[in-house]
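To start, the structure itself, in structure tokens.
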Amino acid sequence: MIALIIDISGTHLPAVSMELAALALRLNKTETSGIMAVVCGKEAALGASRFAEASGIDTLGLVCDLEAHPAADMATALRAVLPAQGLRHLLLSHTPWSMEVAPVLAVGLGLPTVPCVTGYETETATFFRSAGSGTSRLHVKAPAGGVITLQAGALSPAPGADVTGRVTVRPLTVAPGPVRIRSTSAREKGNTALSGARVVVSVGRGIGSQENLSLFRRFADALPGAATGCSRPLVDMGWMPYPCQVGITGTAITADLYIALGISGSTQHLAGIPQGTTVVSVNRDPDAAIHAVSDLIIEADLLPFMEATLALLATQ
Ligand SMILES: Cc1cc2nc3c(=O)[nH]c(=O)nc-3n(C[C@H](O)[C@H](O)[C@H](O)COP(=O)(O)OP(=O)(O)OC[C@H]3O[C@@H](n4cnc5c(N)ncnc54)[C@H](O)[C@@H]3O)c2cc1C
């Protein structure tokens with residue numbers, strides 16, 4: 001048996017859901033029988049029916065408030081709905097939520113974990129995952145069974161199914177553990193301008209100092225219609241607002257063109273850039289990980305590059 005767990009916020013079924021379905025089908029030799037999906041969240045009923053219709057996989061919707069419970073308690077509750085025997089693989093998308101839930105599930109199920117998977121080769125049963133902040137790619141022999149977390153954008157989505165899977169919906173009861181959430185506070189919402197933009201120009205730690213951001217803003221303004229983004233360290237340092245953050249804990253863009261200025265290309269950052277995006281990277285390091293996903297690599301010092309480009313545009 002292969003199980004998928006899909007966590008949803010709101011009514012939105014994440015795009016990675018169909019990538020999880022694709023991985024499950026590849027691990028199961030294209031058969032949907034022997035695969036079950038669990039969709040959990042406040043709108044799990046809607047999410048479960050949408051997923052079952054799209055994938056053809058039998059789906060259990062578990063209605064619950066994901067933010068109300070610590071991850072360990074959620075994992076204990078989820079384990080109780082998974083098959084007690086014969087579960088070979090458990091697949092989740094690689095999100096901050098699953099980073100906490102997956103290890104607890106793996107320990108409870110007695111399965112090994114392969115986190116942050118960025119690819120799978122069926123012929124050799126090999127998982128690929130990145131390590132060392134994206135500087136190396138690990139080739140992992142697929143264990144006979146395991147808890148796998150999959151990076152969004154790693155695989156092509158499963159094709160739409162002809163037959164709808166069966167749907168069951170019920171509430172998920174989560175027993176309180178020793179750790180309690182006392183309160184939660186909302187963070188700024190994602191940047192709608194960023195998520196809908198066709199062109200995104202993003203800046204990373206390579207900018208050097210906060211003062212240099214004025215040059216970056218002039219550079220971005222010179223590109224018509226471009227939205228501005230950044231890597232997480234700039235948000236953490238208070239240089240850029242959180243809605244500009246691209247990546248797994250920021251916004252996932254849908255742009256046709258992504259220009260990465262002084263960004264190394266960590267897996268967490270790349271998770272916000274879908275496959276098929278044309279990526280231009282400007283970096284002085286010829287071995288920067290971002291180059292591996294770039295269509296155009298500009299090996300240059302960032303500040304002189306932006307100044308020279310602005311001067312050139314001014315003459316046009
Ligand atoms: C749980 C978790 C979630 C995370 N979520 C996110 C996320 O959503 N988004 C995100 O971005 N990160 C995220 N991170 C952080 C991530 O791991 C990286 O630390 C971060 O993406 C690195 O940002 P950076 O590329 O700007 O900085 P660095 O890795 O420091 O890279 C700076 C780059 O600039 C280049 N450079 C330096 N000077 C110059 C110059 N003068 N000219 C040209 N190039 C230059 C360097 O060669 C280098 O490649 C997360 C981390 C964790 C643990």
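Just follow the structure's listing: the first ligand is 1, and inside any ligand the first atom is 1. Numbers here are sequence positions counted from 1.
- Between F127 and H89, the ring planes are perpendicular. Angles over 60° get that label, and only those under 30° would be called parallel.
- For the pair R129 (side chain) and L150 (backbone), a donor-acceptor distance under 3.5 Å is absent.
- Taking every non-hydrogen atom of S264 and a distance limit under 4.0 Å, the qualifying atoms of ligand 1 come out as 25 (O), 28 (P), 29 (O), 31 (O), 33 (C), 48 (C), 49 (O).
- The backbone N or O of P233 sits nowhere less than 3.5 Å from a side-chain atom of R205 that would complete a donor-acceptor pair.
- T126 places no side-chain N or O within 3.5 Å of a backbone atom of T122 that could act as its donor or acceptor partner.
- Here the straight-line distance linking atom CG of L90 with atom CD1 of I5 works out to 4.5 Å at 0.5 Å rounding.
- Near G206, with a cut-off below 4.0 Å to any heavy atom, the atoms of ligand 1 are 32 (C), 34 (O), 36 (N), 37 (C), 38 (N), 39 (C), 40 (C), 41 (N), 45 (C).
- Counting heavy atoms under 4.0 Å from ligand 1, residue S231 touches it through both backbone and side chain.
- Any N or O atom pair closer than 3.5 Å counts here, and G265 shares no such pair with ligand 1.
- Close contacts of ligand 1 with G250, meaning ligand atoms under 4.0 Å from a residue heavy atom, involve 8 (O).
- Listed by atom number, the atoms of ligand 1 under 4.0 Å from A300 heavy atoms are 42 (N), 43 (C).
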Acceptor/donor pairs from residues 304-316 side chains to any protein atom, 3.5 angstrom cut, sequence neighbours excluded:
| from | atom 1 | to | atom 2 | distance (Å) |
| --- | --- | --- | --- | --- |
| T309 | OG1 | F305 | O | 2.7 |
| T315 | OG1 | L312 | O | 2.5 |
| Q316 | NE2 | L312 | O | 3.4 |

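- Here is the list of ligand 1 atoms found below 4.0 Å of a heavy atom in D301: 40 (C), 41 (N), 42 (N).
- Checking side-chain atoms of T95 against main-chain N and O of S98 turns up a donor-acceptor pair under 3.5 Å.
- Shown in contact with G204 at under 4.0 Å from a heavy atom are these atoms of ligand 1, numbered in order with element: 26 (O).
- Not one N or O on the side chain of K42 forms a donor-acceptor pair closer than 3.5 Å with the backbone of T11.
- Rounding to the nearest 0.5 Å places CZ of F128 at 8.0 Å from OG1 of T118.
- Contact of the T228 side chain with the D221 side chain is not registered, since no non-hydrogen atoms from C-beta on lie closer than 4.5 Å.
- Against a heavy-atom cut-off of under 4.0 Å, V246 is close to the following atoms of ligand 1: 7 (C), 8 (O), 9 (N), 10 (C), 11 (O).
- No part of A271 comes within 4.0 Å of ligand 1, judged by heavy-atom distances.
- Closest heavy-atom approach to atom 46 (C) of ligand 1 among the candidates V235, N283, T267, I263: N283.
- At a 4.0 Å heavy-atom cut-off, ligand 1 touches S266 through the side chain alone.
- Near D285, meaning under 4.0 Å from any of its heavy atoms, are these atoms of ligand 1: 47 (O).
- Ligand 1 has a nitrogen or oxygen under 3.5 angstrom from a nitrogen or oxygen of L302.
- A donor-acceptor contact shorter than 3.5 Å links the side chain of T149 to the backbone of C116.
- Of the N or O atoms in L234, none lie within a sub-3.5 Å distance of an N or O in ligand 1.
- Taking each of Q268, Q245, H94 in turn, the one with a heavy atom nearest to atom 50 (C) of ligand 1 proves to be Q268.
- Residue G262 has at least one N or O atom closer than 3.5 Å to an N or O atom of ligand 1.
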